[in-house]
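Take a look at the structure below.
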There are 2 protein chains.
Amino acid sequence: MALAEAILVCLTDRPMSGYDLAKTFDASIGFFWRASHQQVYRELARLRDKGLVESKEIEQSGRPNRIVHTITEAGEKIVHAWSLKPCRMPSVKDELLVKLYALDHVDIAVLREQLELRTDQHRAKLTAYQRIKEKFYDGKTLSRAQKGKLIALTMGISNEREVIRALEQAVISLGEIDG
Amino acid sequence: MALAEAILVCLTDRPMSGYDLAKTFDASIGFFWRASHQQVYRELARLRDKGLVESKEIEQSGRPNRIVHTITEAGEKIVHAWSLKPCRMPSVKDELLVKLYALDHVDIAVLREQLELRTDQHRAKLTAYQRIKEKFYDGKTLSRAQKGKLIALTMGISNEREVIRALEQAVISLGEIDG
DNA sequence: AACTAATATGCACATTAGTGCATAATACAT
DNA sequence: ATGTATTATGCACTAATGTGCATATTAGTT
């Protein structure tokens, strides 16, 4: 149920519409907890029903009205209680590694392409993280909240670097097998 | 739907019962695709319905009969078709990073404990991977299938090492904030 | 004697996530 | 004119995952 908490955490910063939240889940907090816009709207409805956020419609002309959600005191209590509860290990589900595991039943040329595509995807992630770090964190005086985000971001960066290195090595190893 | 394929991949090695498969998902292939025993039995029923595996009951005395599943030709075709399809990026969902992201709304002492617990869990994983590598792969002549498994395992090992290093650094950074 | 682990299978229910679609207006490019 | 992107919300259906329970026997432990 940590999508609820992730949304509440975003709303501790400032009130936001579902659309704002969906964008946030495509960027910053989405690096650590992925969610689609449908998931976000659905969960917002539940949070509203439970009284953990308050929603008010803001009229706009030309486009649909914004519905802006504000965290309530009850919502803040939920966030604090959640912070004390133990975390689960993220569940591993990586088809690419399953394909390596099943090497004998897989087209090696295709698998190499897939490894290279994956490497590029991680390079793109690394670049995105580094841009954010340079733009918002490097050489700045940081609040405690920002320092926490920087620690998470730094972990993301070092992880992407290592994954890229490991994937490049995997392609080399695969080449040695295929000959 | 890659649980189906992961099971089929296991069955290309040898026919197995649901129980055998569940154990395999607690160890080897489960390092790359996690699944509970309930999931395995449910998926086996579906695979049987689709004619991708054939199941026969083997009588045992004292304990429930084993139902041993063998991959069919149709099943092997599915595995090959799957190997050609592009892979998705694994979906990120890590509460611990969300808590770092939400540092201002979190108990820092508790978070440090959670980071340390997570570090220990990754150390345990690393040890398990290394034992398997030493026992089954180091200094042995390997088939192509085994070489694929070794590449996946090597990626797992380097990833665990990096995650441990990054978590240790995160605890240090957190200490500097907290004072 | 009672408890625990291992072997072996699975159902029922609840929660979570993903896919596809629907609506509606503006702005900008082709 | 037509298409595409952006802003903005959300439903309906399907698929995947997790939780709790149920059954049944043997072997070993406290």
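The figures here come from the full heavy-atom set of this structure, side chains too, leaving out hydrogens, waters and symmetry mates.
Phosphate proximity of dT9(C) to Y19(B): absent, as no side-chain N or O sits under 4.0 Å from OP1 or OP2.
The CE atom of M16(B) sits 15 Å away from the P atom of dT7(C) (whole-angstrom rounding). For the pair Q60(B) CD and dA27(D) P, the computed distance is 13 Å after rounding to whole Å. Rounded to a whole Å, the CD atom of E57(A) is 11 Å from the C1' atom of dA8(D). At whole-Å resolution of the value, NZ in K23(B) and P in dA8(C) are 7 Å apart. dT9(C) atom C1' lies 10 Å from atom CG of N65(B), rounded to whole Å. The nearest whole Å value for the distance from the OH atom in Y41(A) to the C1' atom in dA12(D) is 17 Å. Distance, I67(A) CD1 to dT7(D) C1': 14 Å, rounded to whole Å. Between D26(B) atom CG and dA8(C) atom P the separation is 15 Å, expressed in whole Å.
Of all heavy-atom pairs spanning K99(B) and C87(A), the tightest one is NZ-SG, 3.4 Å.
Between K23(A) and D26(A) there is no salt bridge, since none of the side-chain N atoms of the basic residue sits less than 4.0 Å from a carboxylate O of the acidic one. Here E168(B) pairs with R123(B) in a salt bridge; the nearest charged N to carboxylate O distance falls below 4.0 Å.
Inter-residue side-chain proximity for K147(B) and Y137(B) is flagged as unmet; no heavy-atom pair is nearer than 4.5 Å.
There is a side-chain donor-acceptor pair under 3.5 Å between E162(B) and S158(A).
Atoms CD1 and CG, from I29(B) and L3(B) in turn, are 9.0 Å apart once rounded to the nearest 0.5 Å.
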Footprint string (nucleotides 16-25 of chain D, 5' to 3'): B base within contact, S backbone only, - free, heavy atoms under 4.0 Å: SBBBBB--BS
